[in-house]
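Below, chains carry the letters A, B, ... as their sequence lines are ordered, and counting in each starts from 1. Since this is a predicted model, take the numbers as computed values, not measurements.
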2 protein chains.
Amino acid sequence: MAADTARNRGLRRKPYEALWRHLASLASLSDQEMSMVRQTCAVASEVAAGAELYSEGDVLRKPAALLSGWACRLRVLADGRRQIFDFLLPGDLFGYGAAGNRIAFTSALTLTAVRVASVDCLLEMAGEPDRFPGLSRAFVAARARQDVFLLNHVVRLGQQTAYERLAHLLVELSHRLGEIGHETGTFVPMPLTQEMMGDALGLSAVHVNRTLKQLRRERLIELRATSMRVIKPAALAAIADFRWPLPALSSP
Amino acid sequence: MAADTARNRGLRRKPYEALWRHLASLASLSDQEMSMVRQTCAVASEVAAGAELYSEGDVLRKPAALLSGWACRLRVLADGRRQIFDFLLPGDLFGYGAAGNRIAFTSALTLTAVRVASVDCLLEMAGEPDRFPGLSRAFVAARARQDVFLLNHVVRLGQQTAYERLAHLLVELSHRLGEIGHETGTFVPMPLTQEMMGDALGLSAVHVNRTLKQLRRERLIELRATSMRVIKPAALAAIADFRWPLPALSSP
DNA sequence: CGACATATTGATGGTAGTCAAACCTGGTGG
DNA sequence: CCACCAGGTTTGACTACCATCAATATGTCG
């Protein structure tokens with residue numbers, strides 16, 4: 001099984017670890033809330049790589065979390081060009097609309113085999129800020145975080161060179177992986193193909209390849225088949241004009 | 001109808017007309033709600049061109065509507081490069097965060113002199129879906145609309161050529177102006193300089209100029225100093241792979 | 001092993017950036 | 001009234017970044 005090899009290589013992780021770490025990084029959760037998060041992750045389903053999680057125009061009925069594996073939100077143009085809006089990493093929430101909206105404005109596609117858990121019940125809890133302030137704030141922050149990533153993405157695409165774009169994407173992913181327990185400076189998962197990076201960054205796969213080569217030559221990163229190591233995070237961040245953390249979020 | 005003469009002259013619109021038309025295009029409003037919208041617009045303040053409406057990181061305390069004039073949301077990079085995320089047109093709401101978030105992730109800048117009205121009270125009404133379903137749905141839809149514009153913007157920047165990007169932007173603006181009473185096919189306001197278009201589309205002002213020239217040569221558009229006429233909307237939309245209207249929004 | 005996807009490298013061309021100069025146009029003030 | 005100026009537009013010449021096409025590795029899985 002692909003899932004086994006992937007897990008054996010890295011640390012053996014509990015099914016709930018990514019979601020738990022992710023939410024905890026967004027707001028402090030009560031014992032009860034943490035317990036609910038763990039319970040939620042107990043029931044998960046496997047989805048193969050390359051499958052559609054939902055499609056543009058769908059009614060969003062099934063809020064969910066990614067427990068393992070990667071996915072992306074994207075749009076496919078009439079002539080087959082693809083634009084990836086953002087990547088979904090383990091621990092990320094998806095499939096719930098902003099502020100009452102229930103229609104998907106993008107499609108979502110798995111990039112690797114993934115494990116998915118429904119978070120219906122967490123989302124309902126988050127709707128009661130008085131009883132569950134932690135979860136409530138975490139869900140608001142999760143959405144805000146996604147909005148910020150999208151704005152950063154616009155800046156990458158509009159203003160940065162291929163070199164800067166790639167640096168920016170890699171630091172961003174590195175930081176996000178850090179939040180779910182992968183220490184920066186070590187080898188972390190990187191299952192994206194160069195074509196996927198190209199579809200996200202508005203570059204051809206060939207040019208992604210050449211640019212990665214340059215980053216490697218300069219000893220800023222090190223690449224393996226499905227993992228990566230950021231050697232000089234600060235240098236990469238400087239190249240990319242990368243900003244982290246998110247602007248502080250107000251409490252409701 | 002008073003609106004007709006106003007439209008023909010291109011000026012002398014009622015202060016509330018743009019906001020009223022905009023909200024009405026998003027949801028049907030009750031008489032009471034419409035009356036409140038008009039009252040809200042009775043108190044407005046003038047802001048000069050080039051002023052900051054709010055700044056990245058600010059706490060959003062003053063939800064407002066643009067009654068006249070244009071503005072934009074943007075970010076300025078460390079080295080002075082600017083990326084415009086979207087344009088605010090008369091009738092547009094701004095300065096209220098998504099889903100409980102109260103921090104501005106972008107700055108907002110006026111591009112012309114504008115008139116602004118606080119919509120605090122409308123926003124509060126929108127928070128009571130049972131009493132004010134129309135306003136409530138309109139505010140949700142307004143936010144969803146902005147999200148869709150941002151996603152479209154990513155596609156423009158990532159996948160389209162300068163020619164396509166400009167066509168896409170112009171059709172989008174043309175449609176939005178249509179919603180607030182400027183008939184497509186006639187001369188409509190276009191106060192953007194070529195530099196502003198470039199900052200939005202990730203192009204140099206010089207290249208915007210050349211590309212506009214091409215669109216004019218092909219008799220797709222006609223440009224005056226501060227106004228524009230889209231001669232062949234369908235052709236422009238085809239070039240840009242433009243999609244309208246928004247995906248239908250579900251009722252709450 | 002053979003089929004297939006992905007990565008790598010080279011050669012070539014087109015799209016769009018940069019630099020620079022000229023040209024409007026509307027506003028200001030002598 | 002005209003000179004002047006600032007900001008915006010237009011055009012040309014040159015450059016560079018990145019796409020495309022093509023061919024070869026490398027790797028993975030049935």
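Residue B:Asn209 contributes atom CG, which lies 10 Å from atom C1' of D:dG8 at whole-angstrom precision. Computed from coordinates, the A:Gln160 CD to D:dA16 C1' distance equals 18 Å when rounded to whole Å. Taking atom NE2 of A:His207 as the reference point, atom P of C:dA7 lies 16 Å away to the nearest angstrom. Between B:Arg210 atom CZ and D:dA13 atom C1' there is a gap of 9 Å when expressed in whole angstrom units. Remark: P of D:dC17 and CG of A:Leu203 are 13 Å apart, rounded to the nearest angstrom. Taking atom CD on A:Gln214 and atom C1' on D:dC18, their separation rounds to 13 Å, with Å as the unit. Rounded to an integer number of Å, the gap from CD of A:Gln194 to C1' of D:dA19 is 16 Å. When rounded to the nearest whole Å, the span between CG of A:Asp199 and C1' of D:dA19 equals 14 Å.
A:Gly198 comes within contact range of no nucleotide atom at all, as no heavy-atom separation falls under 4.0 Å. Here B:Thr161 lies in heavy-atom contact (under 4.0 Å) with sugar-phosphate atoms only. Among the protein residues, B:Gly202 comes within range of the sugar-phosphate backbone only, with heavy atoms under 4.0 Å from sugar or phosphate atoms but none that close to a base. At a threshold of 4.0 angstrom between heavy atoms, the contacts of A:Thr193 are confined to the sugar-phosphate backbone, with no base atom among them.
By the 6.0 Å and 45° rule, B:Arg143 stacks over the aromatic ring of B:Tyr96.
Proximity of the aromatic rings of A:Phe187 and A:His182 is defined here by a centroid distance below 6.0 angstrom, and this criterion is not met.
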Step-by-step side chain to side chain donor-acceptor pair (under 3.5 Å) determination, A:His22 to A:Arg145:
CA-CA 11 Å; A:His22 182 201; A:Arg145 209 177 76 120; 3.2 Å; yes
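For A:Lys213 and C:dT8, the shortest distance from a side-chain N or O to OP1 or OP2 is not below 4.0 Å.
Counting atom types as modelled, A:Arg224 pairs no side-chain N or O with a base atom of D:dT26 as donor and acceptor under 3.5 Å. A donor N or O paired with an acceptor N or O is not found under 3.5 Å between the base of D:dT9 and the side-chain atoms of B:Arg216.
The minimum heavy-atom distance linking B:Ser107 with B:Glu56 is given by the pair OG-N, 3.0 Å.
Of the residues near DNA chain D, A:Ala162 and B:Ala205, the one whose nearest nucleotide (by heavy atom distance) lies more toward the 5' end is B:Ala205.
Under the 30°/60° scheme for interplanar angles, the aromatic rings of B:Trp70 and B:Phe87 are found to be tilted.
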